[in-house]
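Below is one structure; the comments refer to it alone.
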Amino acid sequence: MDYKFTEIEKKWQDIWEKEQAFKATNDFTKPKFYGLIEFPYPSGNGLHVGHPKSNTAIDIISRKRRMEGYNVLYPMGWDAFGLPTENFAIKNKIHPAIVTKQNVDRFREQLKKIGFSFDWDREVDTTDPKYYRWTQWIFLQLYKKGLAYKAEIPINFCTSCKVGLANEEVVNGACERCGGEVVQKVKSQWMLKITEYAERLYDDLDDTDFIEKVKIQQRNWIGKSKGAEVKFKITGTDEELVVFTTRADTLFGATYMVLSPEHKVLETLNIENRDEVKAYQAEAAKKSEFERTEMNKDKTGVMLNGVTATNPVNGKEIPIWISDYVLASYGTGAIMAVPAHDDRDWAFAKKFNMPIIQVITGEGDVNEKANVDVETGTMMNSGFLDGLEVKDAIEKMIAYLEENNLGKAKTNFKLRDWVFSRQRYWGEPIPMVHCEKCGWVPLPEESLPLELPYAESYEPTDNGESPLANLTDWVNTTCPHCGAPAKRETDTMPNWAGSSWYFIRYIDPHNDKEIADKELLKYWMPIDWYNGGMEHTTLHLLYSRFWHKFLYDIGVVPTKEPYQKRTSHGMILGSNGEKMSKSRGNVINPDDMIDRYGADTLRMYEMFMGAFDQAAPWSEQSVKGCFRFLEKVYNLMDILVDGDAYSADLETAIHKTIKKVSNDYEKMKFNTAIAGLMELINEINKKGEINKAELKTFITLLNPVAPHITEEMWEQAGFEGRLYQTTWPEFDEAKTVDSTLEIPVQINGKLRAVVNVAKGASAEDVEKVAFENEEILKFTEGKEIVKKIYVPERIYTIVVK
RNA sequence: GCCGAUGUGGCGAAAUUGGUAGACGCACCAGACUCAAAAUCUGGCGUGGUUCACCCCACGUGCCGGUUCGACUCCGGCCAUCGGCACCA
């Protein structure tokens with residue numbers, strides 16, 4: 001029979017839609033499963049082959065869960081605000097809303113053609129005012145709790161996109177999106193205090209089932225360091241300089257201090273060489289943060305003349321420097337320099353002839369090279385710490401500092417607050433109004449959504465203002481507080497805003513009273529399984545966890561964490577092994593694949609191509625291999641015979657396969673699950689017939705991967721109801737083992753024979769058979785047998801001398 | 001520099017976590033079918049040696065060493081590739 005995949009796939013997609021096959025019900029009596037994949041950004045290029053990889057994986061789990069009796073929520077939506085759409089709109093003079101609609105329609109159609117079991121009734125779109133009403137609402141809650149604030153800060157500014165960027169969006173000094181040059185620019189920006197949640201974002205990872213890689217990357221990004229703050233008196237004044245150090249034990253080795261050029265205290269100090277300092281500050285300000293970190297080989301700096309500090313533990317007077325190797329944005333913007341045990345301080349000390357004092361024992365001369373290998377060691381030149389082990393010395397020093405009010409234990413994070421303003425059109429308007437009298441005033445919640453006004457031109461302005469600034473009719477408003485004339489905020493939100501909570505809206509997408517119904521949230525949260533790309537680990541994943549924790553704190557959501565489990569798929573590379581990109585000309589269009597081989601083949605190939613979490617190159621030859629397999633599957637209809645129990649000669653193979661496929665799907669080892677099904681079909685074809693019971697199990701196991709062809713076969717074979725409504729097959733552990741076993745026999749670790757024994761044979765049984773074997777006798781005759789080892793059902797080993 | 005991952009046939013890979021290395025698929029080779037080709041089916045397919053052939057033997061999972069009856073798997077030391085972070089005190 002001909003495998004007419006186009007016809008079959010269309011037929012079943014229509015039936016599923018008509019029957020609302022994958023609708024999630026609010027049936028609280030059933031256990032729930034909430035499966036999620038990152039909703040796509042509907043770009044003009046259409047669906048990428050990477051999308052189906054993630055989607056199919058969770059689709060497989062979702063389909064399996066339904067058959068296991070779960071109430072499954074597997075939704076889809078659109079993360080549609082963002083720069084590419086806006087840039088496309090500017091270039092082609094089409095309104096971004098229209099571009100978005102076109103792209104969404106295309107994406108939806110493409111996704112439907114692949115047969116994902118999404119509940120399409122729950123579609124969300126971040127650019128829909130009914131949706132972003134709640135994005136704005138969340139912002140207002142953040143504002144009320146003091147977690148959103150406006151600050152004049154140097155931001156990363158992309159000279160090409162003309163937009164401010166979060167630290168996370170700057171890659172090697174360039175804009176993450178366009179690769180344009182990023183410079184520092186001081187602007188008044190809305191900021192979100194993600195740093196207030198740093199500790200919890202770090203610690204609560206312990207309660208999740210995220211894959212280890214994701215946890216580690218998040219922890220590194222949050223960058224927790226335990227240490228101490230230490231106060232240094234500025235000699236002859238009452239002023240103090242506070243530094244942060246992770247190595248309080250090395251305080252006796254601090255021979256000078258360094259301040260960042262931006263340090264506030266510099267304004268008030270009585271510096272003799274003020275001009276020199278000013279010149280250095282100006283120089284540093286010109287450089288971008290990237291340039292400052294790039295030029296890290298050569299240390300520069302200026303010593304403050306006429307100002308010194310006192311080392312609090314030994315009373316020594318030490319000089320103070322400014323240098324751009326000290327960052328204003330981390331710790332206190334000031335450090336104590338311990339050149340003997342820090343590479344950077346050492347390089348600086350060498351260049352400017354500062355004294356180097358070794359305080360921890362170790363090999364090598366600290367005058368030649370800093371001794372930084374000081375996790376262990378004994379204190380020296382350190383007064384009351386002398387002779388202590390490093391670990392104890394840190395503790396003792398911190399205790400000493402606290403007792404004498406010279407400092408205290410302190411934990412610092414690398415994570416910085418989230419720059420939330422964008423000077424762009426295509427984003428959620430920030431629902432704030434600036435009044436001369438009242439300052440920043442939030443819009444009343446009832447007035448939301450604050451809709452994005454229609455604009456003729458949405459090109460960024462040259463002065464770095466948002467295009468909304470040109471819409472004076474919209475900008476000019478009245479103060480919600482006092483009624484006086486006021487101006488709206490013209491910056492918009494970053495596109496991370498809409499994606500930071502979308503999974504909440506899926507639970508109750510049409511609710512116009514609240515973000516989502518409490519009972520429903522209680523039932524559906526948390527998300528049981530979330531799959532997505534590693535590239536979102538430090539951006540989307542962290543931001544959405546932050547918002548979720550905030551919503552938890554104000555009683556909106558019932559769980560501390562949004563995602564119970566997070567997994568990550570490997571990238572699909574072009575057939576040349578390089579990243580797929582238009583410029584490399586190695587892009588595969590999923591539509592082509594569906595036209596030529598069908599959606600089931602596409603789905604199956606993407607699951608079969610390699611380990612799920614690893615990158616793998618595209619191979620059209622292998623796509624054909626999967627197609628051939630599905631043809632073979634379809635041809636099982638030609639050899640179908642009656643039978644309502646597994647036949648004796650296939651029983652073991654089937655039980656084995658049920659076990660393997662069930663386990664492998666759960667572990668996302670889709671490639672080996674499929675290989676298992678291939679093995680089974682090879683065995684069936686060797687036999688030349690399959691009975692109905694066997695077919696039923698076979699197509700049920702394959703269904704999550706290839707839902708269309710299997711549903712069609714289900715109908716053709718005359719099984720009752722629909723395959724998507726059936727239950728997942730069970731296996732009998734006892735029947736997964738063959739009745740006779742092939743036991744390899746090794747002598748001194750080398751395979752010498754394979755013997756057959758019955759299932760459940762004892763070591764004595766195996767020994768008996770083994771020593772009847774000619775090969776074995778050949779190698780054991782006349783030798784002393786030292787040892788015999790039997791690993792049940794695995795291997796039999798003889799050691800001879 | 002730091003953190004993480006990876007390294008196995010011509011290629012994508014697998015190995016129940018210490019127990020027959022290379023399952024499954026691709027490519028390739030041979031045969032069948034065909035006037036022929038495609039498709040399909042059957043068989044072969046790590047390297048080397050030996051043999052008419054079946055058999056058999058040795059070697060083989062990035063490199064060096066170790067533990068073990070037995071190592072892709074564990075331990076120690078390197079090398080390479082790819083990600084992420086990077087003057088974070």
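A note on names: the letters A, B, ... follow the listed sequences, proteins ahead of strands, and every chain is numbered from 1.
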Rounded to whole Å, please give me the gap between [atom1] in [X] and [atom2] in [N].
X: A:D638; N: B:U40; atom1: CG; atom2: P; value: 15 Å
X: A:M604; N: B:C24; atom1: CE; atom2: P; value: 14 Å
X: A:M571; N: B:A5; atom1: CE; atom2: P; value: 17 Å
X: A:I681; N: B:U40; atom1: CD1; atom2: P; value: 14 Å
X: A:M678; N: B:A13; atom1: CE; atom2: C1'; value: 12 Å
X: A:F627; N: B:A39; atom1: CZ; atom2: C1'; value: 11 Å
X: A:I743; N: B:G70; atom1: CD1; atom2: C1'; value: 16 Å

NZ/NE/NH1/NH2 to OD/OE distance under 4.0 Å, [X] and [Y]:
X: A:E38; Y: A:R566; result: yes
X: A:D206; Y: A:R219; result: yes
X: A:K660; Y: A:E679; result: no
X: A:K53; Y: A:E606; result: no

Complementary nucleotide of [N], counting Watson-Crick and G-U pairs under 3.5 Å:
N: B:G31; result: B:C41
N: B:C74; result: B:G66
N: B:G60; result: none
N: B:G1; result: B:C85
N: B:U17; result: none
N: B:G9; result: none

Looking at [X], I'd like to know whether one of its side-chain N or O atoms comes within less than 4.0 Å of OP1 or OP2 on [N].
X: A:R628; N: B:A27; value: yes
X: A:R752; N: B:C56; value: no
X: A:K669; N: B:A15; value: yes
X: A:K213; N: B:A5; value: no

So what does [X] hit on the nucleic acid, given a heavy-atom distance under 4.0 Å: a base, only sugar-phosphate, or nothing?
X: A:G625; value: sugar-phosphate
X: A:K624; value: nothing
X: A:N671; value: sugar-phosphate
X: A:K414; value: base
X: A:A615; value: sugar-phosphate
X: A:T246; value: sugar-phosphate
X: A:F608; value: base
X: A:S225; value: sugar-phosphate
X: A:N220; value: sugar-phosphate
X: A:I789; value: base
X: A:Q614; value: sugar-phosphate

For the [atom1] atoms, the ones on [N] and on [M], what distance do you get once it is rounded to whole angstrom?
N: B:G83; M: B:G76; atom1: P; value: 28 Å
N: B:C2; M: B:G60; atom1: P; value: 33 Å
N: B:A37; M: B:C52; atom1: P; value: 34 Å
N: B:C45; M: B:G25; atom1: C1'; value: 14 Å
N: B:A89; M: B:U8; atom1: C1'; value: 44 Å
N: B:U16; M: B:C85; atom1: P; value: 33 Å
N: B:C57; M: B:A21; atom1: P; value: 13 Å
N: B:A14; M: B:U20; atom1: C1'; value: 14 Å

Checklist entry - What distance do A:F627 atom CZ and A:K632 atom NZ have between them, rounded to the nearest 0.5 Å? => result 13.0 Å

Checklist entry - Hey, what's the ring geometry for A:H536 with A:W496, parallel, tilted or perpendicular (30° and 60° as the breaks)? => result perpendicular

Checklist entry - How are the rings of A:Y256 and A:W321 set relative to one another: parallel (under 30°), tilted (30 to 60°) or perpendicular (over 60°)? => result perpendicular

What nucleotide among [options] has an atom nearest to a side-chain atom of [X]?
X: A:K750; options: B:G12, B:A15, B:C59; value: B:C59
X: A:Q621; options: B:A89, B:G25, B:C26; value: B:C26
X: A:I216; options: B:C69, B:C24, B:C3; value: B:C3
X: A:V326; options: B:A89, B:A15, B:C41; value: B:A89
X: A:Y330; options: B:A89, B:U20, B:G84; value: B:A89

Item to check | Side-chain donor or acceptor of A:D738 paired with backbone N/O of A:T652 under 3.5 Å | outcome: no

Item to check | A:N682 vs A:K686, nearer the 5' end of RNA chain B by closest nucleotide | outcome: A:N682

Next on the checklist: For A:I335 and A:I795, find the nucleotide of RNA chain B closest to each by heavy atoms; which residue's nucleotide sits nearer the 5' end?
Outcome noted: A:I795

Next on the checklist: For A:T736, give me all partners under side chain to side chain contact (heavy atoms under 4.5 Å, CB included), at least two apart in sequence or on another chain.
Outcome noted: A:H655, A:K656, A:K659, A:F731, A:E733

Checklist outcome for this item: Taken in chain and number order and not counting sequence neighbours, the residues that satisfy side chain to side chain contact (heavy atoms under 4.5 Å, CB included) with A:K4 are A:D2, A:E7

At less than 3.5 Å, do the side-chain atoms of [X] and the base atoms of [N] form a donor-acceptor pair?
X: A:R794; N: B:U20; answer: no
X: A:T538; N: B:G84; answer: no
X: A:K299; N: B:C87; answer: yes
X: A:Q746; N: B:G19; answer: yes

Checklist entry - Can you check B:G9 for me, syn or anti if syn means within 90° of 0? => result syn

Checklist entry - Under the rule syn = chi within 90° of 0, otherwise anti, which is B:U17? => result syn

